[in-house]
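What follows is one structure encoded as structure tokens, with my remarks underneath.
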Amino acid sequence: MNTEEISTNIITLTRHVLNDGLRLGPAATGDLTLLLTAISFTSKFIATNVRKARLINLVGLAGETNVQGEEQKKLDVLSNDIMVNALRASGKTAVLVSEELEDAIIIDDPYKGKYCVVFDPLDGSSNIDAGVNIGTIFGIYKIKDGSTGSVADVLRPGSEMVAAGYIMYGSSANLVLSTGQGVNGYTLDASLGEFILTHPNIQIPPRGKIYSFNEGNAMYFYSPVNAYLKSIKYPTAPKTPYSARYIGSMVADVHRTLLYGGIFGYPSDKKSKNGKLRLLYEAFPMAFLTEQAGGIATTGTSRILDIVPSGIHDRCPVFLGSRDDVLDLMKFYKEVPAEGTN
Ligand code: AHM
Ligand code: MG
């Protein structure tokens, strides 16, 4: 092998975030770097379990017992435990909110730190048993000045997050992260056990050719959404129709949207008045990443990152992606009468 072909100066996640920290000057204490290191550890641990899930009976329902009589944990319950334990042990967190847990966890001394992490430990649950891409989504707030950590520290607009990201478990594990200075993507090198910078400065193309909606819900969609979908499926020449791609794992659908452009949507509809996706740990982190990559994230009528949550498990409608595609959608919300609610 020609050794000149081997890159000996690879940029790992830690190296990259540390360099970002240095740019922030003396105010950067390294705590966020340590927290992100803990999150990257949890994702390696979860990625390992996702890969061997079928072999060690991790798929299926929690509460079953295996042949040894031990209780089996469902993959999403296990992922939640991995994250809660590692985030608490990092000593950098004060409040944890997980999709898997009804209440927020308030961290006590001596582990208490100054960050709050909101997360969906394993999103895309309907895809788990089929081995289709799934992922972890997270957002990070710093506790408010004077606070010792309470739910109020996370009931804040997504624009106040200091970092957000996701890890997609597919043929490789990909971590996509923003600390508020653009978006970078890292790929897990399993032999090194390190996330390597492979997608620096991700920018969503200003317009794409793909739409990603669960159109099986079209009979419940409000008119602006159906009118928009009609416009991209039956365009007037010389425009050509968009392609449909819908995996049903938000992480995978958003990942493709960030890289290829287009629009991802999970609207509110006549059945689900606030949509399906959760504000704190699904919509906010993905909206944060989308805006940092130059795209738009909206409910159809307002900016997602401006919403003030009233509860930790609130839901909201989500449309995100390429600037021009999302602007087109928003035009339909302005111009098409919407049968009452939205
Ligand atoms: P989950 O948190 O129960 O996994 O649900 C969230 C998922 C998202 O990943 C995805 O965008 C959406 O639900 C798909 O929903 P649907 O099956 O209704 O299309
Ligand atoms: Mg989820």
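In this chain, numbering begins with 1 at the start of the sequence shown. Below, all heavy atoms of this structure are taken into account, side chains as well, without hydrogens, waters or symmetry copies. As the structure is a computational prediction, the values presented were derived from the model and not from experiment. When a ligand or atom number is given, it counts from 1 through the structure's own listing order.
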Give the table of side-chain donor-acceptor pairs shorter than 3.5 Å for residues 276-286, with sequence neighbours excluded, one pair per line with atom names and distance.
residue	atom	partner	partner atom	Å
R278	NH1	H313	O	3.1
Y281	OH	H313	ND1	2.7
E282	OE1	R278	N	2.7

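- For the residue pair T12 and Y186, no side-chain donor N or O sits within less than 3.5 Å of a side-chain acceptor on the partner.
- With sequence neighbours excluded, the residues satisfying salt bridge (charged side-chain N to carboxylate O under 4.0 Å, His left out) with E215 are K233.
- For V132, the side-chain contact (heavy atoms from CB on, under 4.5 Å) criterion is met by N127, A130, I247, not counting sequence neighbours.
- Smallest separation of non-hydrogen atoms from I106 and V151: CD1-N, 4.2 Å.
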Contact table, ligand 1 N/O with protein N/O, distance under 3.5 Å:
residue	atom	partner	partner atom	Å
ligand 1	2 (O)	E99	OE1	3.2
ligand 1	2 (O)	E99	OE2	3.0
ligand 1	2 (O)	D123	OD1	3.0
ligand 1	2 (O)	E282	OE2	3.3
ligand 1	3 (O)	S125	OG	3.0
ligand 1	4 (O)	D123	OD1	3.4
ligand 1	4 (O)	G124	N	2.8
ligand 1	4 (O)	S125	N	2.9
ligand 1	4 (O)	S125	OG	2.9
ligand 1	9 (O)	D123	OD1	3.4
ligand 1	9 (O)	D123	OD2	2.5
ligand 1	9 (O)	M250	N	2.6
ligand 1	11 (O)	M250	N	3.4
ligand 1	13 (O)	K276	NZ	2.9
ligand 1	15 (O)	K276	NZ	2.9
ligand 1	18 (O)	Y266	OH	2.6
ligand 1	19 (O)	N214	ND2	2.8
ligand 1	19 (O)	Y246	OH	2.5

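- Using modelled atom types, one finds a donor on one side chain and an acceptor on the other under 3.5 Å when comparing S172 with N174.
- Between the Mg ion (ligand 2) and the N, O or S atoms of D120, the shortest distance is to OD2.
- Of all N, O or S atoms in D123, the one lying closest to the Mg ion (ligand 2) is OD1.
- We find that R207 and D325 are joined by a salt bridge, their nearest charged nitrogen and carboxylate oxygen being less than 4.0 Å apart.
- E282 contributes OE2 as its N, O or S atom closest to the Mg ion (ligand 2).
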